[in-house]
Amino acid sequence: QAKRQGRNTFQWYTEGLNKRVSGRVRLRNALQHAIDQQQFELHYQPQIQDTSGRILGFEALIRWHHPERGYILPAEFIGLAEDTGQIIPMSEWVLRTACRDNVRLNALGFEEYVMAVNVSPMQFQRANFVTGIVDTLKQTGLAAPLLELELTENILMESTTKAIEILQMLRRLGISIALDDFGTGFSSLSYLKYLPIDKIKIDRSFIREVISDHRDAAIVQGIISMANQLQLKVLAEGVETQAHYAYLSKKMCDIYQGYYFARPMPIDELITFLHENEAANQLQQQDQNDSA
Ligand code: C2E
Ligand code: MG
Ligand code: MG
Ligand code: MG
């Protein structure tokens, strides 16, 4: 049964409650081991600007590189890590690694890309959240404007005045803020009036059938025009096809992220990808100069 669901699925999620409980204990122990043994990796997925086709930056996505099971996706372990508090050391590692990798890109001449990092609810609620980020920027040497933090609506709902203060501090430092999975939370829209944010990421569940389902189309169009009028950047997640891209582009979406452009990839692959992209841009530039 479990085998049929593929190698990334833990069997304890598919079995009875008893097994599930002991499964959680086992998963927690396995996670601790993974933290101690540094079995995590970050994969980076490019974000593409609509008008220029330029890469603006990347989102850092955690993977658990399990010695026997291969790559395990965050859906399998982030929730439990949040429950057990293991998300805290994990998040510190993520932030440090993402910043360090962006500094590595800077050293290779890729100096303008913004690194987006997902923030977990528990991480955001910690008293030392902002100082932790400032310290990590200092230690890694990454410039604050090259860091973006992705937060979900649910995180910001908890205590809105406090959240606003924290976001203001971060933005004063030069860090940008994206609202992740927009449209899937249970919050009211009124908070968009007050929250100091830079970007809205439309959840990919609305993009998947945006062309065939007029309800998704209405929601996506609504979000885009609202974002435009609030002077927020708007990014579509889960852009998988040329048709998605053409449709969204017509609707004035600013930024895209999805398999159509690139999958999340390890840092070495990303570096190759950026070099190829640079070479392609130079060729295009030459063509334009020649024909001018
Ligand atoms: P998210 O922040 O909304 O990340 C986008 C997810 O969409 C990623 O899944 C990405 O691989 C996937 N994706 C990108 N393009 C496409 C596409 O064209 N089609 C489809 N079907 N999917 C696409 P992933 O990597 O499995 O991550 C899932 C979630 O886990 C993330 O959703 C985020 O909430 C969480 N997560 C990932 N990394 C971290 C992390 O370092 N820290 C925390 N706290 N959460 C993380
Ligand atoms: Mg995200
Ligand atoms: Mg998202
Ligand atoms: Mg999502």
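Values in this document were obtained by computation on a predicted structure and should not be read as measured data. In listed order, ligands and their atoms are each counted from 1.
- Ligand 1 lies within reach of Glu59, whose nearest heavy atom is under 4.0 Å from it.
- Under a 4.0 Å heavy-atom criterion, Ala75 is not in contact with ligand 1.
- Among the backbone and side-chain atoms of Glu150, none of the N, O or S atoms lies under 2.8 Å from the Mg ion (ligand 3).
- For the pair Glu237/Phe206, no side-chain contact is recorded, criterion being any heavy-atom separation below 4.5 Å from C-beta on.
- Relative to atom 6 (C) of ligand 1, the option among Arg204, Met90, Glu237, Arg208 with the closest non-hydrogen atom is Arg204.
- As for Glu59, its N/O/S atom nearest the Mg ion (ligand 2) is the one called OE2.
- In Gln45, the part holding a heavy atom less than 4.0 Å from any atom of ligand 1 is the side chain.
- Distances from ligand 1 to the non-hydrogen atoms of Arg63 include at least one value under 4.0 Å.
- When distances from the Mg ion (ligand 3) to the N, O or S atoms of Glu237 are compared, OE2 comes out shortest.
- At a threshold of 4.0 Å, the pair Glu150-Lys199 does not count as salt-bridged, since none of the basic side-chain nitrogens sits closer than that to a carboxylate oxygen.
- Classification of the Phe40-Trp64 ring pair by plane angle, with boundaries at 30° and 60°, yields tilted.
- With respect to the salt-bridge test (charged N to carboxylate O, under 4.0 angstrom), the residues Glu240 and Arg204 do not qualify.
- A distance of 14.5 Å separates NE2 of His65 from CD of Gln38, quoted to the nearest 0.5 Å.
- Comment: Asp83 engages Arg24 in a salt bridge, judged by a side-chain N to carboxylate O separation of less than 4.0 angstrom.
- Short contacts between ligand 1 and Asp181, defined as distances under 4.0 Å to a heavy atom of the residue, involve ligand atoms 3 (O).
- Atoms of ligand 1 lying under 4.0 Å from at least one heavy atom of Pro264, given by number and element, are 11 (O).
- Between the Mg ion (ligand 3) and Asp180 there is an N/O/S contact shorter than 2.8 Å.
- Using a non-hydrogen distance threshold of 4.0 Å, Ser91 does not register as a contact of ligand 1.
- Every atom of ligand 1 is numbered from 1 in the order shown, and the set under 4.0 Å from a heavy atom of Glu240 is 17 (C), 18 (O), 19 (N), 20 (C), 21 (N).
- Inter-residue side-chain proximity for Leu230 and Ile200 is flagged as unmet; no heavy-atom pair is nearer than 4.5 Å.
- With a 4.0 Å cut-off on non-hydrogen atoms, Val239 touches ligand 1 through its backbone and not its side chain.
- The atom of Asp181 nearest to the Mg ion (ligand 3) is OD1, with the search restricted to N, O or S atoms.
- In the candidate list Tyr259, Tyr260, Phe261, Tyr256, Tyr259 is nearest to atom 22 (N) of ligand 1, counting heavy atoms.
- Leu232 has its side chain out of reach of Leu179: every pair of non-hydrogen atoms, C-beta onward, lies at least 4.5 Å apart.
- At a heavy-atom distance under 4.0 Å, atoms from both the backbone and the side chain of Leu61 approach ligand 1.
- A distance of 13.5 Å separates CG in Leu27 from NE2 in His33, rounded to the nearest 0.5 Å.
- In terms of modelled atom types and a separation under 3.5 Å, the side chain of Gln123 and the main chain of Ser120 share a donor-acceptor contact.
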